[in-house]
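Residues take their numbers from the sequence shown, with the count starting at 1.
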Amino acid sequence: MAGYYLKQLHGRRGETGARFLARRSRFFAIGPAVSWAASPNFFLGLKTAWETSTENRPEGNRTTFRMTYKF
């Protein structure tokens, strides 16, 4: 299992310092994750998380596939 939680503490500002109309966002996500060490220098990982309890942002699914090679 993998998950994450985000609560934005401050409102966003543009390059000129003007505030955006969007309010602070908040969400919680949880889902399965799997990783595999193919060799001591090569790793694969796949995780999917469903974002729930969202506030001021779209709710949905996020899937990530990661390949890592250590030189």
Side-chain angles (χ1 to χ4, degrees):
M1 293 299 289
Y4 51 92
Y5 175 76
L6 175 117
K7 182 174 182 179
Q8 186 176 349
L9 299 176
H10 298 284
R12 298 183 331 182
R13 291 187 180 268
E15 289 182 15
T16 60
R19 284 193 168 269
F20 286 100
L21 295 176
R23 302 219 192 298
R24 299 176 197 172
S25 60
R26 178 178 68 181
F27 64 91
F28 172 74
I30 192 163
V34 64
S35 61
W36 179 53
S39 72
N41 295 331
F42 186 65
F43 305 92
L44 299 171
L46 178 67
K47 70 179 179 179
T48 297
W50 291 274
E51 295 180 349
T52 61
S53 303
T54 61
E55 187 176 300
N56 296 322
R57 67 177 277 138
E59 189 172 295
N61 178 1
R62 177 176 291 184
T63 301
T64 306
F65 175 70
R66 180 177 289 178
M67 292 185 340
T68 306
Y69 183 78
K70 185 172 62 172
F71 293 99

TODO: Please identify each residue that fulfils ring pair (Phe, Tyr, Trp, His ring centres under 6.0 Å) with Tyr5, with sequence neighbours left out.
DONE: none
TODO: Determine the minimum heavy-atom distance between Ile30 and Met1, stating which atoms define it.
DONE: CG1-CE, 3.6 Å
TODO: Tell me, please, which residues at least two apart from Arg62 pass side chain to side chain donor-acceptor pair (under 3.5 Å).
DONE: none
Task: By side chain to side chain donor-acceptor pair (under 3.5 Å) - contacts of Thr68 (at least two apart) - done: none
TODO: List, by chain and then residue number, the residues other than Phe42 in its hydrophobic cluster (Ile/Leu/Val/Met/Phe/Trp/Tyr, side-chain heavy atoms under 4.5 Å); write none if there are no others.
DONE: Val34, Trp36, Leu44, Leu46, Phe65, Met67, Tyr69, Phe71
TODO: Under the side chain to side chain contact (heavy atoms under 4.5 Å, CB included) rule, collect the residues that match up with Ala2, sequence neighbours excluded.
DONE: Ala33
Task: Hydrophobic cluster of Phe27, others only, ordered by chain and residue number, side-chain cut-off 4.5 Å - done: Tyr4, Leu6
Open item on the list: Please give me the minimum heavy-atom distance between Glu51 and Ala29, naming the atom from each residue.
Closed with: CG-CB, 3.8 Å
- [ ] Kindly compute the distance separating NZ (Lys47) from CZ (Arg66), expressed to the nearest 0.5 Å.
- [x] 6.5 Å
